[in-house]
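Let me begin by presenting the structure, written as structure tokens, before commenting on it.
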Amino acid sequence: MNHKTTYILAIESSCDDTSAAVLANDKVLSNVVANQEIHRKYGGVVPELASRAHQQNIVPVVHQALAQANIDKKALSAIAFTRGPGLMGSLLVGTSFAKSMSMGLEIPLIEVNHMQAHILVHFIKDENQKTPTFPFLAMTISGGHTQIVLVKDFLEMEILGQTLDDAVGEAFDKSAKLLGLPYPGGPLIDKLAKKGNPRAYPFPKPKVDGLNFSFSGLKTSILYYIQKQTKANPNFLEENLEDVCASIQYTILEILMEKLEKAVNQTGIKQVAIGGGVAANSGIRNRLAAAEHEKGWQTYIPKFEFCTDNAAMIGIVGYLKYLQKNFSAKNVVAKARYVIGE
Ligand code: KG4
Ligand code: ZN
């Protein structure tokens, strides 16, 4: 038996977080994330600024990840990086850096699909976390995606349903913008919703076939609702912000849980995992945890720090691919549109 430890350096730069992590086999030794504050004043991610900030951040972030893990770069077994999907200018920074470093150190390069990583994050070793067995269902909910995925094996996945327009994270962020809250609004809606009445304002749920989602209509109905209420009472939002947030979050969670339930009924699979930035939402975490006794599901909720974009999730996929010797060519290029299973 080979007891040699595999050390993976992982790099994530698909959107507006620059992150590097070091894993020893399936254990995370360090996971450094540099958030880019610059986008706040624009109310959303500005791709060109994201790319520039990645360029500034990547060297110090990688340094810090290696230092925190107490690992010399010469001890690394391979470099894993996010190849896509994401913003091209952002992906290019991580991809070029990973390629150069793997060439310099003469170690394998491993490309990772960001959406697969949001799912396989559940295989990071942690005594306090359960690990799903195959097959299981995964709902990936982030700022760019909303998917229900049938996970047959580590790298064998099938998309059963997805959003036809906005992603659920966008629904949170765009709703927050309508309420005058700064970007990213998802965490703020979550915080304010805790103090509000979720049934104060019933927003309509879209009717979408199968396991697909739609979130663009919700934003419009919130806009009209606020306009109408503000006309009658100019202080409506200030006076009712917590109830409005709770009602928006409740509607979004209802939409997600309904589709998840449909997916369970259709497939007969009761192991349900979530991943992606919106999996950090306290409401969805509670709803999923409650489904264990309410619906008899086995549910898997990532640790908070592994929900939003991070390199540790890229590292675990890197490790799993390393075991299969599933390496990338040195001339691999970033892929802005990169669908699971393609
Ligand atoms: O996975 P992620 O970090 O980046 C993408 O791959 O898109 O997800 C970011 C998204 C943002 O839309 C953000 O508002 C949302 O996740 N988000 C939340 C919460 N924390 C992050 N949405 C609702 N509640 C939260 N607590
Ligand atoms: Zn993500």
Side-chain angles (χ1 to χ4, degrees), residues 10-19 21 31 33-36 39-40 43-45 47 50 54 81-87 90-91 94 112-121 138-147 149 162-163 166-179 181-194 196 198 213 215 218-219 245-253 255-256 273-288 301-317 336-340:
I11 292 164
E12 154 64 32
S13 74
S14 65
C15 190
D16 60 341
D17 297 308
T18 319
S19 181
N31 184 32
V33 184
N35 302 117
Q36 302 180 358
H39 307 287
R40 254 176 204 274
V45 177
H54 281 307
F81 71 100
T82 305
R83 185 181 177 198
L87 301 170
S90 292
L91 291 167
V112 173
N113 179 310
H114 180 95
M115 295 315 293
Q116 252 171 1
H118 270 308
I119 295 172
L120 296 176
V121 75
M139 183 167 71
T140 40
I141 40 182
S142 73
H145 293 82
T146 307
Q147 298 179 331
V149 180
Q162 56 191 324
T163 184
D166 289 351
V168 61
E170 269 180 289
F172 269 107
D173 297 339
K174 288 179 179 175
S175 305
K177 206 170 177 176
L178 295 175
L179 306 180
L181 299 172
Y183 175 85
L188 292 169
I189 292 195
D190 188 1
K191 198 172 152 201
L192 291 161
K194 283 184 188 145
F213 300 88
F215 288 102
L218 178 64
K219 181 185 63 199
C245 286
S247 301
I248 293 171
Q249 182 164 308
Y250 177 74
T251 311
I252 293 176
L253 299 189
I255 297 169
L256 295 176
I274 52 170
V278 181
N281 181 273
S282 60
I284 192 75
R285 296 172 84 85
N286 291 341
R287 292 285 289 267
L288 212 67
I301 303 165
K303 268 174 115 171
F304 195 75
E305 66 262 36
F306 296 146
C307 291
T308 45
D309 289 347
N310 66 88
M313 69 181 193
I314 305 301
I316 188 67
V317 185
R337 207 188 108 78
Y338 189 2
V339 180
I340 285 179

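This one's a predicted model, so the numbers in the text were calculated from it and none came from an experiment. One-based numbering, in listed order, for ligands and for the atoms of each.
- At a heavy-atom distance under 4.0 Å, atoms from both the backbone and the side chain of T308 approach ligand 1.
- Between M115 and S142, the shortest heavy-atom distance links the atoms CE-OG, 4.4 Å.
- Considering all non-hydrogen atoms of both residues, N281 and Q249 come closest at ND2-OE1, 3.1 Å.
- Those atoms of ligand 1 with a heavy atom of G169 less than 4.0 angstrom away are 12 (O).
- Heavy-atom separations between H118 and ligand 1 include at least one value shorter than 4.0 Å.
- C15 and V45 make their closest contact through SG-CG2, 4.2 Å (heavy atoms, listed as atom of the first residue, atom of the second, distance).
- By heavy-atom distance, the residue among G283, S282, G277, G276 lying nearest atom 20 (N) of ligand 1 is G277.
- No donor-acceptor distance shorter than 3.5 angstrom exists from the side chain of D309 to the backbone of S14, with no hydrogens or angles considered.
- Ligand 1 has H114 within reach: a non-hydrogen atom of the residue lies less than 4.0 Å from it.
- Taking every heavy atom of G143 and a limit of under 4.0 angstrom, the matching atoms of ligand 1 come to 5 (C), 7 (O), 8 (O), 9 (C), 10 (C), 12 (O).
- When all heavy atoms of N31 and S19 are compared, the pair lying nearest together is OD1-OG, 3.7 Å.
- Looking at H145 against ligand 1, nothing comes within 4.0 Å, counting heavy atoms.
- Between V33, D173, T82, it is D173 that holds the heavy atom closest to atom 11 (C) of ligand 1.
- The aromatic rings of F215 and F213 sit parallel, their planes meeting at an angle under 30°, below the 60° perpendicular limit.
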Test side-chain contact (heavy atoms from CB on, under 4.5 Å) on V112 and R83; report intermediate values, then the result. CA-CA 6 Å; V112 173; R83 185 181 177 198; over 6 Å; no

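- Evaluated by nearest non-hydrogen atom to atom 22 (N) of ligand 1, the leading choice among C15, A279, G186 is G186.
- For the pair N281 and ligand 1, the shortest N or O to N or O distance falls below 3.5 Å.
- Counting only distances under 2.8 Å, and ignoring water, the protein N, O or S atoms around the Zn ion (ligand 2) are H114 NE2, H118 NE2, D309 OD1.
- When all heavy atoms of E12 and H114 are compared, the closest pair comes out as OE1-ND1, 3.0 Å.
- Nearest non-hydrogen protein atom to atom 15 (C) of ligand 1 is V278 CG2, 3.9 Å.
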Evaluation steps, side-chain hydrogen bond (donor to acceptor under 3.5 Å, both in side chains), between S13 and H54: CA-CA 7 Å; S13 74; H54 281 307; 4.9 Å; no

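- Residues I340 and Q116 come closest through the heavy atom pair CD1-N, 4.1 Å.
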Might you work through the side-chain contact (heavy atoms from CB on, under 4.5 Å) test for D16 and N35, ending with a clear yes or no? CA-CA 7 Å; D16 60 341; N35 302 117; over 6 Å; no

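- Those atoms of ligand 1 that come under 4.0 Å of a heavy atom in G144, given as number and element, are 7 (O).
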Yes or no on side-chain contact (heavy atoms from CB on, under 4.5 Å) for T163 and V168, after CA distance, side-chain angles and deciding distance? CA-CA 8 Å; T163 184; V168 61; over 6 Å; no

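- With a 4.0 Å cut-off on non-hydrogen atoms, D190 touches ligand 1 through its side chain and not its backbone.
- In summary, the atoms of ligand 1 found under 4.0 Å from a heavy atom of A280, numbered by their order in the structure, are 20 (N), 26 (N).
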Run the side-chain contact (heavy atoms from CB on, under 4.5 Å) check on L181 and I189 step by step: do they pass? CA-CA 9 Å; L181 299 172; I189 292 195; 4.3 Å; yes

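- Closest to atom 2 (P) of ligand 1, if we only count protein heavy atoms, is D309 OD1, 3.3 Å.
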